[in-house]
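Each remark here refers to the structure printed beneath this line.
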Amino acid sequence: MADFANRRCPRCGKRPLDARLVQCPDCRVPFEYEAVSAPTLTPAQLAAVTKHVLGSWKLWLTLFVVVGAATVGVMEFINLKAQEVKDEAGKEAQTDANATSAKIAEGISNQIETEFQQPRIQATIERVASEKAGDILTNAVWASLDQFREKLQAADEQLAKTTNDLAVLSNNVHQAQLAAAQMAGAVTDDPALLTLVDKSVTRDGTNYDLTMFFRPTNHKPVGTVELMAGTYRQTAKIVNFTARNVDQADAPVLNDIGDAAKLRFTVSHADAQVVVDLTLSAPTLVKLVGDELAEELTLPVAIDQMQLPMVNR
């Protein structure tokens, strides 16, 4: 069964229909993983564990020592009885006692061997071996499983919060773009600014390409543009930062750790669509700022695959 099918809404009990869903679409509550039952052993696994236990030389050595000790004790007891018979009856009685002790010892050995071959003894050994194997498996896996479930729950909560914040942020950006467009149409004397009209994210090997399409807010050339881009909490490095459909673009300038970069270019054509390409090493959130932008931008890049920093517990 897929991993996401093992989650359920704690309020309405629905399961997610899409692996990318992190919260219930009806209740707006993060999905939780269902309790995982302790691992159990199949009949084939029980047989394998029993075979392994019965094939251990340590087990048979222990049984041999126990049987040997019991046999020695019986022999000592028989010898004592034989000594008493010797004292009372002499050599002839001693000979009979030795013969009797040999027969008794042989009978006891045969009886012990027969007992160990009984089905109930074999069943007892198999049951003990299965219980021990189950305890070992449970103790070895359960602690790691608990830790893994706690980390997954923390990651789900953080992802749900981030997704909700992004939805609010996206709505605010859209409202701001509409307001900027209305203001640009009403006040034509204002300088032209770049407003985002579309974007796309593609995979290029191990990198991710964020392509942004900008248009001026009015029918004037934008002129010289200086943009700054940064990634969320160093979750990715900036590999390249370029602009297309412009008059001139300088080489990007990156900071020492590679999570922020600056790009300068010139746009002298009115109504020209400017394409800005940002190549990143991993999924992240990108913040784009600049005086020539109508609004600061925060854009997700493959955020469903993003490795979020763990929440402090």
Taking all non-hydrogen atoms of both residues, which atom of [X] and which atom of [Y] are closest, and how far apart?
X	Y	answer
D271	R215	O-NH1, 2.9 Å
A243	F265	CB-CD2, 3.7 Å
E292	E226	OE1-N, 3.2 Å
C9	V29	SG-CB, 4.4 Å
A192	K220	CB-O, 3.2 Å
P283	Y208	CD-CE1, 3.5 Å

4.5 Å side-chain heavy-atom contact, [X] and [Y]:
X	Y	answer
V267	F214	no
K199	F213	no
N240	P252	yes
M212	L288	yes
D247	H269	yes

Rounded to the nearest 0.5 Å, how far apart are [atom1] of [X] and [atom2] of [Y]?
X	Y	atom1	atom2	value
T284	Q234	OG1	CD	10.5 Å
L285	R233	CG	CZ	10.5 Å
E32	R11	CD	CZ	11.0 Å
L299	L196	CG	CG	6.0 Å
L210	I238	CG	CD1	10.5 Å
R7	R15	CZ	CZ	11.0 Å

Is there a donor-acceptor contact under 3.5 Å linking the side chains of S281 and N207?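 Side-chain D/A pair, S281 to N207: absent.
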Hydrophobic cluster membership, with links at side-chain heavy-atom distances under 4.5 Å among I/L/V/M/F/W/Y: are V286 and M228 in one?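 Each belongs to a different hydrophobic cluster.
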Donor-acceptor pair, side chain of [X] and main chain of [Y], under 3.5 angstrom:
X	Y	result
K287	Y232	no
N218	D190	yes
R203	G205	yes

Of V201, V239, T231, the residue whose pairing with L280 passes side-chain contact (heavy atoms from CB on, under 4.5 Å):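 Passing option: T231.
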Could you point out which residue of D209, T211, D204, T242 forms a side-chain hydrogen bond (donor to acceptor under 3.5 Å, both in side chains) with T279?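 It is D209; the other options fail the test.
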Which pairs with one or both residues in residues 248-259 pass salt bridge (charged side-chain N to carboxylate O under 4.0 Å, His left out), sequence neighbours excluded?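 Sorted result for residues 248-259: empty, none.
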CG/D291: more than 12 non-hydrogen atoms of other groups inside 6.0 Å: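 Counting neighbours around CG of D291, 12 or fewer heavy atoms of other residues, nucleotides or ligands fall under 6.0 Å, so no.
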